[in-house]
Structures are given as C-alpha cells and as structure tokens.
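For reference, the structure is listed below as structure tokens.
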Amino acid sequence: MPRTDFDLVVVGAGFAGLVCARAAAERGLRVAVIDRKPAPGTRLHTTGIVVKEAAEELHLPPGLTARVRGVRLYNPALRAVDLDSPGYYFLATDTAGVLRWLTEQAAAAGVEAIFGRAFAGARRAGGAWTLDRSGLRARYLVGADGPRSAVAQALGLGRNGPML
C-alpha cells in the first residue's frame, strides 16, 4: 500500500517544486511531490532558462544545458526584454531532460514523485494538511504550481499581478 503520510507535500513538479522537494528530503523529511502531468517534462510552459545562481547550485549535467551570455524574453503580447550583464550567464536547457533528471535526483533523495494527480484542494485539521481526493496528509504544503497557483487560489492566498 502506498504511503499517504508525509512531512511535506509539494504541488508542482517543475524546477522549483523538484528542487524544493529534493532539498527537504536531503534534510530528512518524508516528502511527496504531485503533478497533474502524466510524466516529468511533459506539456511544458516554461522558458527553460536557468539563471547563474541556480546553475551554480544545481550542477546540471552538461549534456542538458548550453551556456549563453544573454537572453531575450517575450511575453504573450510579443513585447520583449533583454537580460544580459558583463560576467553573467544563463543556461539554456533541454527542459524536458532537466525535469526528468531533477525527478530522478529527487527520487534518489527519497522523494515520492506522483504524476497524473492534480491538486483538488486541501483542508487543515489536527496540525496537518489533507489533500482532497488523494488522501495524502502532510504537516507542510508547498504550492510550486506556477504563477496561477491552484494551491494559492484554494487557500485564499494572494494572486500574482501582471506578467512580464
């Protein structure tokens, strides 16, 4: 029977969610990460650009990245912003490959990665969060499910304002 009680459940298996889950597991917490996608790296909605500071922390495999000096980011209205600075760099990534690698790294640290399970709400009782429909329970809940977070919405937290 699969485990249902955790110290931490992270909703969202993107860059932030997987790194958060791995870091918590490496510190001895029992961690699950859930994502509505069927597998890591599917149906991507990210640039796949990693900033220098994150690149130096993550130690991503070289075959999944290329170092670039600057980037141009476009919003949905096709307005652009250029990001570059002397001595600074970004990593352009094989994003699907990086997310699969991060999932493997998280699992090696003890994270239970559960794909194909959407967040459907949560209730707090008795010092723990219980996730609706899944029955997962945790002392802590992290919403790493993007700028339009279902976790933030379900818990009445603030919403992000205008995008880039």
Side-chain angles (χ1 to χ4, degrees), residues 1-68 71 73 83 88-124 127-155 157-158 160:
M1 183 170 171
R3 175 187 291 182
T4 57
D5 287 327
F6 297 90
D7 296 309
L8 171 68
V9 171
V10 177
V11 177
F15 286 108
L18 290 167
V19 171
C20 173
R22 181 180 78 181
E26 287 172 344
R27 287 160 179 79
L29 297 180
R30 290 169 299 143
V31 181
V33 61
I34 67 168
D35 198 290
R36 69 177 180 228
K37 297 174 188 166
T42 57
R43 298 192 320 234
L44 296 171
H45 300 283
T46 180
T47 63
I49 300 296
V50 176
V51 297
K52 175 185 174 189
E53 295 81 1
E56 291 170 352
E57 283 286 321
L58 291 174
H59 307 290
L60 297 170
L64 297 176
T65 64
R67 191 169 167 156
V68 295
V71 296
L73 301 176
L83 303 175
Y88 199 82
Y89 68 89
F90 300 86
L91 295 181
T93 67
D94 166 356
T95 308
V98 168
L99 291 172
R100 286 189 296 270
W101 180 82
L102 284 171
T103 301
E104 292 167 6
Q105 295 294 303
V111 173
E112 184 169 332
I114 304 166
F115 287 90
R117 185 170 303 170
F119 175 78
R123 323 180 283 307
R124 182 131 176 102
W129 290 99
T130 300
L131 276 66
D132 296 344
R133 287 194 240 164
S134 71
L136 296 177
R137 288 177 35 89
R139 290 187 303 154
Y140 303 101
L141 176 63
V142 170
D145 56 332
R148 293 183 181 90
S149 172
V151 174
Q153 183 177 2
L155 302 182
L157 303 175
N160 286 314

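The analysis underlying the following values was restricted to heavy atoms, covering all of them including side chains, and did not include hydrogens, waters or symmetry mates.
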Quiz prompt | Heavy-atom pair of closest approach, residues Ala154 and Gly121 | solution = CB-CA, 4.4 Å

Quiz item: Counting N and O atoms only, with roles assigned by atom type, does the side chain of Asp7 sit under 3.5 Å from a partner on the main chain of Arg30, one being a donor and the other an acceptor?
Solution: yes

Quiz item: Under the side-chain contact (heavy atoms from CB on, under 4.5 Å) criterion, do Leu58 and Val19 qualify, and how do the steps go?
Solution: CA-CA 8 Å; Leu58 291 174; Val19 171; 3.5 Å; yes

Self-check item: Heavy-atom side-chain contact between Leu60 and Leu91 under 4.5 Å
Solution: yes

Self-check item: Any Leu83 side-chain heavy atom under 4.5 Å of Leu73 side chain
Solution: yes

Quiz item: Are the charged groups of Arg117 and Asp35 less than 4.0 angstrom apart, N to O?
Solution: no

Self-check item: CZ (Arg27) with more than 12 external heavy atoms under 6.0 Å
Solution: no

Quiz item: Which atoms form the tightest heavy-atom contact between Trp101 and His59, and what is the distance?
Solution: CH2-O, 3.8 Å

Practice problem: Please assess Arg123 against Asp132 for the test salt bridge (Lys or Arg N to Asp or Glu O under 4.0 Å), listing each intermediate value before the final yes or no. | Solution: CA-CA 7 Å; Arg123 323 180 283 307; Asp132 296 344; 2.6 Å; yes

Exercise. Could you tell me the separation between the OG atom of Ser149 and the CZ atom of Phe119, rounded to the nearest 0.5 Å?
Key: 7.5 Å

Quiz item: So, Thr42 side chain and Ala39 main chain: donor-acceptor pair closer than 3.5 Å or not?
Solution: yes

Quiz item: Which atom names give the shortest non-hydrogen contact between Leu99 and Phe15, and what distance separates them?
Solution: CD2-N, 3.7 Å

Quiz item: Taking C-beta and beyond as the side chain, do Leu8 and Val142 meet within less than 4.5 Å on heavy atoms?
Solution: yes

Practice problem: Quick one: pull up CD1 in Ile34 and CD in Glu112 and give me the separation to the nearest 0.5 Å. | Solution: 11.0 Å

Self-check item: Steps toward side-chain contact (heavy atoms from CB on, under 4.5 Å) verdict (Val50, Phe90)
Solution: CA-CA 6 Å; Val50 176; Phe90 300 86; over 6 Å; no

Exercise. Kindly give the heavy-atom pair with the smallest separation between Ala16 and Ala144, and that separation in Å.
Key: C-CB, 4.4 Å

Exercise. Report the C-alpha distance between Leu136 and Phe6 in whole Å, list the side-chain angles of each, state the deciding distance to 0.1 Å, and finish with yes or no for side-chain contact (heavy atoms from CB on, under 4.5 Å).
Key: CA-CA 8 Å; Leu136 296 177; Phe6 297 90; 3.7 Å; yes

Exercise. Without swapping roles, check the side chain of Thr130 against the backbone of Gly135 for a donor-acceptor pair under 3.5 Å.
Key: no

Quiz prompt | Min side-chain heavy-atom separation Glu53-Tyr88 under 4.5 Å | solution = yes

Self-check item: Separation between CG of Leu18 and CD of Glu104, rounded to the nearest 0.5 Å
Solution: 11.0 Å

Quiz item: What heavy-atom pair brings Arg137 and Ala128 nearest, and what distance separates the two atoms?
Solution: NH2-CB, 3.7 Å

Exercise. With Val33 as reference, evaluate Val9, Val11, Thr103, Val111 under the side chain to side chain contact (heavy atoms under 4.5 Å, CB included) test and give the passing residue.
Key: Val111

Self-check item: side-chain contact (heavy atoms from CB on, under 4.5 Å) between Val51 and Tyr89, intermediate numbers included
Solution: CA-CA 7 Å; Val51 297; Tyr89 68 89; over 6 Å; no

Quiz item: Any idea which heavy atoms bring Arg139 and Arg124 closest together, and the distance?
Solution: O-NH1, 3.3 Å

